[in-house]
Protein chains: 2
Amino acid sequence: MDATNRSRRAEDSTNYCYGHLMDTDQVRSRWDATKGACPTRQVLGRIGDTWTMLVISTLEKGGTLRSGQLKSIIEGITQKMLTQTLRNLERDGVVRRDVLPTVPVTVSYTLTPLGLSLAAAVATMRTWAYDHMDEIAAARDEYDANR
Amino acid sequence: MDATNRSRRAEDSTNYCYGHLMDTDQVRSRWDATKGACPTRQVLGRIGDTWTMLVISTLEKGGTLRSGQLKSIIEGITQKMLTQTLRNLERDGVVRRDVLPTVPVTVSYTLTPLGLSLAAAVATMRTWAYDHMDEIAAARDEYDANR
DNA sequence: CAGAATCCTAATCGATACTG
DNA sequence: CAGTATCGATTAGGATTCTG
C-alpha cells in the first residue's frame, strides 16, 4: 500500500496532460510516456517555478550575460537557484552556455532561437500581470473584506 | 539567527520583483509592499502552480462548469487541489463562484472578464509548449546523451 | 568567478475521513 | 455534491562551506 502510493507518486504525479484541451491523439502520438510527463505539462511546470521567467526575461533584455551579472541583476536569487535554473534551461535548449578558458573561468549565457520565442510568450504573461495588477489587488481586497 | 532566517523567509521569500524589467518607479508606486509580494511575481507564481493553468483553460473551453464536472474533466486533480485552486482564482477575481440553493447544493464556476483575458495569455504559453515539445525533447535527449 | 555539495526548513500536494 | 480537516511524503529552495 505504501509501495503503491509511492510508485504512483513517482511515476504519474507530473503526467497530467492537456489532452482534453488540444488534439489528444496528436499529443499522444508525439509523446513518449516512458520518458515521463506530458511535455506540455513539463514545460509549463518549468515556466512556473520561482526563477525561470525572471531568468529568461533578464536574458532577453540583456542579451549575453555572465553568471555573476545575472546574479546581481536578479535581486534575491541565490547561487544555487541561479545555477539550477540555468541548467534546466540549457537542457531544454532554451539557453546556450559558453565557457571561456580564462583564469578564472568566464561563463556566459545567451538565449537560443528557441529561448527567444519562449521569451516572447513569457513577455505576454508578464505584461498581462503588470497590466492587471491593480484589478487583482482590488479583487483580493474585496474578497478578504468579506471574511 | 534562526529567528532572522525564518522571518526573512516568511516575509520576503516571494517579494522578488520584476522592476529591472519594467518601469521600476511605476511598479513601486503601484505596489503596496506591506501587503506582500510584488503583484507581478504573485500572479506569475500562481500561474505556475500545478493546476491553475489547467483549470483556467478548462473553464475557457467549457464555459460555466460545476465543481464535479471540473473534477472529472481534469484528469488527476484531487478534490482538495481543485477547491484550493478555484478559491485562489476566485480571490484574484479570475473566476466567479455561483451557488444555487438546491439540495444538495449546486456550485458552478465561470471565468470573469479578467479571467477571460488571462485565459488568452495562458493559451499563448500552452500553444508555445505544444508547438515546441519536439524541439525540447530533442534538446533534452542531446543534453542527457553527453553525460 | 562559477559552481558543486551538504544541511535543513517550509511549502506543496496526495490520501483519507468527515460535515451539511 | 461540494467542501473542510488532518496527516504524511515529497519537494523547493535558502544558508553555508568548499573547490579549481
Side-chain angles (χ1 to χ4, degrees), chain A residues 1-16 37 41-42 45-52 54-55 64-90 95 97-109 147, chain B residues 1-16 36-37 41-42 45-52 54-55 65-72 74-88 90 95 97-109 147:
Chain A
M1 38 88 225
D2 285 338
T4 305
N5 283 348
R6 239 178 294 116
S7 73
R8 275 244 263 157
R9 301 287 284 281
E11 290 163 23
D12 300 344
S13 67
T14 55
N15 278 353
Y16 313 119
R41 163 129 290 295
Q42 282 192 344
R46 173 79 65 242
I47 292 307
D49 76 16
T50 313
W51 300 109
T52 298
L54 227 24
V55 169
T64 298
L65 292 174
R66 296 183 52 184
S67 176
Q69 291 179 297
L70 281 167
K71 186 151 169 10
S72 60
I73 294 172
I74 303 175
E75 201 183 334
I77 199 169
T78 59
Q79 172 68 251
K80 176 184 169 180
M81 294 316 297
L82 177 59
T83 301
Q84 201 173 100
T85 304
L86 287 168
R87 282 295 168 287
N88 287 331
L89 294 175
E90 189 194 356
V95 308
R97 179 175 183 266
D98 292 307
V99 184
L100 278 113
T102 52
V103 184
V105 74
T106 303
V107 182
S108 67
Y109 295 91
R147 24 233 102 199
Chain B
M1 39 90 228
D2 285 340
T4 305
N5 283 349
R6 239 178 294 115
S7 73
R8 274 245 260 158
R9 301 287 285 281
E11 290 162 23
D12 300 344
S13 66
T14 55
N15 277 353
Y16 312 119
R41 163 129 289 294
Q42 282 193 345
R46 174 79 65 242
I47 292 306
D49 74 17
T50 313
W51 301 109
T52 298
L54 269 172
V55 169
L65 293 174
R66 297 183 52 183
S67 176
Q69 291 180 296
L70 281 167
K71 186 152 171 5
S72 58
I74 303 176
E75 201 183 334
I77 198 168
T78 59
Q79 172 68 251
K80 175 185 168 181
M81 293 317 296
L82 177 60
T83 302
Q84 202 173 97
T85 304
L86 287 167
R87 282 294 168 288
N88 288 331
E90 188 192 357
V95 308
R97 178 175 183 268
D98 293 307
V99 184
L100 278 115
T102 51
V103 184
V105 75
T106 303
V107 183
S108 66
Y109 295 91
R147 25 233 101 200

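By convention in this document, chain letters (A, B, ...) are assigned in the order of the sequence lines, proteins followed by strands, and residues within each chain are numbered from 1.
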Set of residues satisfying side-chain contact (heavy atoms from CB on, under 4.5 Å) with respect to A/Val99, sequence neighbours excluded
A/Arg97, A/Val105, A/Val107
Contacts of B/Thr83 meeting side-chain hydrogen bond (donor to acceptor under 3.5 Å, both in side chains) (sequence neighbours excluded), chain-then-number -> B/Gln79
Residues forming a side-chain hydrogen bond (donor to acceptor under 3.5 Å, both in side chains) with B/Thr85, sequence neighbours excluded:
none
Contacts of B/Leu82 meeting side-chain contact (heavy atoms from CB on, under 4.5 Å) (sequence neighbours excluded), chain-then-number -> B/Val55, B/Ser67, B/Leu70, B/Lys71, B/Ile77, B/Leu86
Quantify the bending of the helix from C/dC1-D/dG20 to C/dG20-D/dC1 as the angle between its end axes, each fitted on five pairs, to 10°.
40°
Going by number, which of residues 98-108 of chain B have a non-hydrogen atom under 4.0 Å from DNA chain D?
B/Pro104, B/Val105, B/Val107
A/Thr78: side-chain contact (heavy atoms from CB on, under 4.5 Å) partners, not counting sequence neighbours
A/Lys80, A/Met81
5′-ward residue of the pair A/Tyr109/A/Lys80 relative to DNA chain C
A/Tyr109
Tell me: CD of B/Gln79 to P of D/dT4, nearest whole Å?
9 Å
A/Leu82 CG to C/dA4 C1': how many Å, rounded?
14 Å
Is the shortest side-chain heavy-atom distance between B/Asn88 and B/Thr52 below 4.5 Å?
no
Taking CD from B/Gln84 and P from D/dA5, how many angstroms apart are they, rounded to a whole number?
12 Å
List in chain and number order the residues that pass side-chain hydrogen bond (donor to acceptor under 3.5 Å, both in side chains) with B/Thr106, two or more places apart in sequence or in another chain; answer none if no residue qualifies.
B/Thr102
Value in whole Å for how far the C1' atom of C/dT12 lies from CD1 of B/Ile77:
14 Å
With the side chain of A/Arg66 defined as its heavy atoms from C-beta on, choose the nearest nucleotide among C/dA2, D/dG3, C/dG14.
C/dA2
Among residues at least two apart in sequence or on other chains, which ones pass side-chain contact (heavy atoms from CB on, under 4.5 Å) with A/Ser108?
A/Thr64, A/Arg66, A/Asp98
Between A/Gln69 (CD) and C/dG3 (C1'), how many Å, whole number?
17 Å
If you compare every side-chain N and O of A/Arg87 against the phosphate oxygens of C/dG3 (OP1, OP2), does one of them come in below 4.0 Å?
yes
Rounded to the nearest Å, what distance is computed from the CE atom of residue A/Met81 to the P atom of nucleotide D/dA15?
12 Å
